[in-house]
Amino acid sequence: MCGIIGVVGSSDTLETLLEGLARLEYRGYDSAGVALVRPGETWRARTAEGTESVKALREECDLAPLGFSSGIGHTRWATHGGPETMNAHPHLDCSGNIAIIHNGIIENHADLQEQLEARGHVFSSVTDSEVLAHLIEESRANGFELIEAVRRSLLVVRGAFAVAAMDATEPDVIVAARRISPLIVGTAPGVTYLASDIPAILDRATAFYAVSDDEIVRLAPEGFRAIDLEGVPVHLHPLAVDWDLETAEKGGHDDFMTKEINEQPDAIRTTLLDRRRRDGTITFDELRVSDEELRDVRRVVIVAAGTSHHAGLVAKYAIERWARVSVEVDIASEYRYRDPIVEIGTLVIGISQSGETIDTIQAIREAKRRGARVIAVTNIVDSSLARESDAVIYTRAGLEVSVASTKVFLAQVAALELLALRLAQLRDTVPASDVDAHFLGLNAVAEQVATVLTRRSSVEDVAKQLLGARDFFFLGRHVGFPTALEGALKLKELSYLHAEGYPAGELKHGPLALIEPGVVVVAVVTDPAMHEKMLSNLAEVKARGATVVAVATDDDESIAAIADYVLRVPATEPMFSPMVDVVPLQLFAYAMARGLGRNIDRPRNLAKTVTVE
Ligand code: G6P
């Protein structure tokens, strides 16, 4: 997730930008840059030094001329185009007067770039963002003031953006706008700021305002005015901010996990952006395995650890159902040592949030050594896993700080299900109209997750009732099984309570002996095809005295008769349900852990990234 900052009217412009960028560090970045603008002159510095980028930028800025009262700055988390200096923001137009920064993804950038190049524009990066600089340039050349030029440009772009633009021919003005990606405005006497998040400008601004989707703001030293995409004036909502820096970094929440759980709808949205061409073809920019190779895949092997392994288990159902290829899912640390079979046509998918988990890296090395083609699914651009694989699909969930993974799980499932649909297209195993319908269904999941997030307090009420419990079984069938595994893992990691995930059908082969009063059974019963069987499993545990918590759909009337507590979720296509159904389980684990006084972001004995075997 890139970070953006801007200031107009400051006597301390450069320091404001550099300090603000350092404070956006927690968003994660691989490169950084600033642009300063005054009448007739735009000065720019950029660095691509990984996590040292902001420090390196400060050194570069020693050369900056004095006397600029306006500027913009950016920390980049690469999506389109590698983490290189030429791709770092700000980007300039052909004249070098206009500078833009952008967080988000412009979905139709390829079409727009082609049209702009045909009209003579020269591009100097391989980012999706640069089109914005050239689009604004065209409107400025037609005589429109900057705010109108930005408005006109945004009418033709699709995707997500928090964007800010400056022009040396209209100095001391910044125009900023947003859709999906975060943006706030701040004011102090004679100075106006913008930023992705409050921490960047916390000590400097005295009043804060939220910019909503499709709003455009013109910032000047004396204040700001805002319009919508039609040009109609709008008011920005003031934000009450009485946070210290630490709270501000957590978006005002008590911990990173709450922030990350709340970011889940956007994690799905951004992971899905830009993945379908106008002709319906599912596409992955970073996928460097040819269509022929994907079409000819005979077997898929997925290797991963922890939560990523659970995402892999969901992918097995999707790939087998849609692409009709058999899929094996292996724990990464097991794969390497069992003399794995790699035949012609074996595709190995390594899934890892961090891209640095040693077991997963060793597993894909082993697979490559034996001749497999390897695709990485990771959240970190240029991570070891990404570099060592033949191809990579990035989840675009942004930096995840809390040790226990939440938003990246949803993004992984979304990315893997997209890959399943791509395989199905290539192998012609699903009618085109069904692929389209699935793609739309997948896109609707973000809204369903947002709905579940509004029900947090009802999950907390259930957790309060169960705070004394010590043994938990999580049950599910079909994709409800990996969802159950992930629910159990969250409870273990966060609350240190004993929790096991099981396929509900396995219950009678052992775990049933452990069921007695005091044991809690948490069951995922959202799939209509599995509903009846799940209810009989629940009857079995009920009869032995267990307390039953069910994750069930809003329209499920029969569940209340058997479950002691029901966590409601909107109904969704079963294949997509893990992304929705896991959310109440995350919230449940969180509430239990809070109730027991655990350290939410840093559970005992655990590490976010495990780099030893
Ligand atoms: C650790 C983390 C888990 C994570 C697992 C795999 O155990 O605590 O949250 O799921 O590693 O990490 P990866 O970065 O490979 O997805």
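As the structure lists them, so they are numbered: ligands from 1, and atoms in each ligand from 1.
Below 3.5 Å of separation, one finds no N or O of Gln412 facing any N or O of ligand 1. In terms of polar-atom proximity, Ser352 is counted as a contact of ligand 1, with an N or O under 3.5 Å from an N or O of the ligand.
For the pair Ala607 and ligand 1, a heavy-atom separation below 4.0 Å is found. The shortest heavy-atom distance from Val403 to ligand 1 is under 4.0 Å.
Among protein heavy atoms, atom 12 (O) of ligand 1 sits closest to Thr357 OG1, 3.4 Å. Nearest protein heavy-atom contact of atom 14 (O) of ligand 1 is Ser354 OG, 2.6 Å. Protein heavy atom in closest approach to atom 5 (C) of ligand 1: Ala305 O, 4.1 Å.
Defined by atom type and a distance below 3.5 Å, a donor-acceptor pair is missing between the side-chain atoms of Asn87 and Thr127. Checked by atom type, the side-chain pair Thr526/Asp581 shows a donor-acceptor distance below 3.5 Å.
Glu486 has a carboxylate O that lies under 4.0 Å from a charged side-chain N of Lys490, or vice versa, which qualifies the two as a salt bridge.
Around atom 7 (O) of ligand 1, the closest heavy atom drawn from Val610, Thr406, Asp359 belongs to Val610.
Around CZ of Arg324, the count of heavy atoms belonging to other residues, nucleotides or ligands within 6.0 Å does not exceed 12. By the neighbour-count criterion of 12 heavy atoms within 6.0 Å, atom CZ of Arg321 is sparsely surrounded, having that number or fewer from other residues, nucleotides or ligands.
Every atom of ligand 1 is numbered from 1 in the order shown, and the set under 4.0 Å from a heavy atom of Ser405 is 9 (O). Within ligand 1, the atoms closer than 4.0 Å to a non-hydrogen atom of Lys608 are 1 (C), 2 (C), 11 (O), numbered from 1 in the order shown. Residue Ser308 approaches ligand 1 through these ligand atoms, each under 4.0 Å from one of its heavy atoms: 13 (P), 16 (O). Of all atoms in ligand 1, numbered sequentially from 1 with element shown, those under 4.0 Å from a heavy atom of Thr307 are 10 (O).
Remark: the backbone N or O of Ser384 is paired with a side-chain donor or acceptor of Glu356 at under 3.5 angstrom.
Ring geometry for Phe473 versus His498: interplanar angle over 60°, hence perpendicular rather than tilted (30 to 60°).
Residues Gly350 and Leu385 come closest through the heavy atom pair O-CD2, 3.6 Å.
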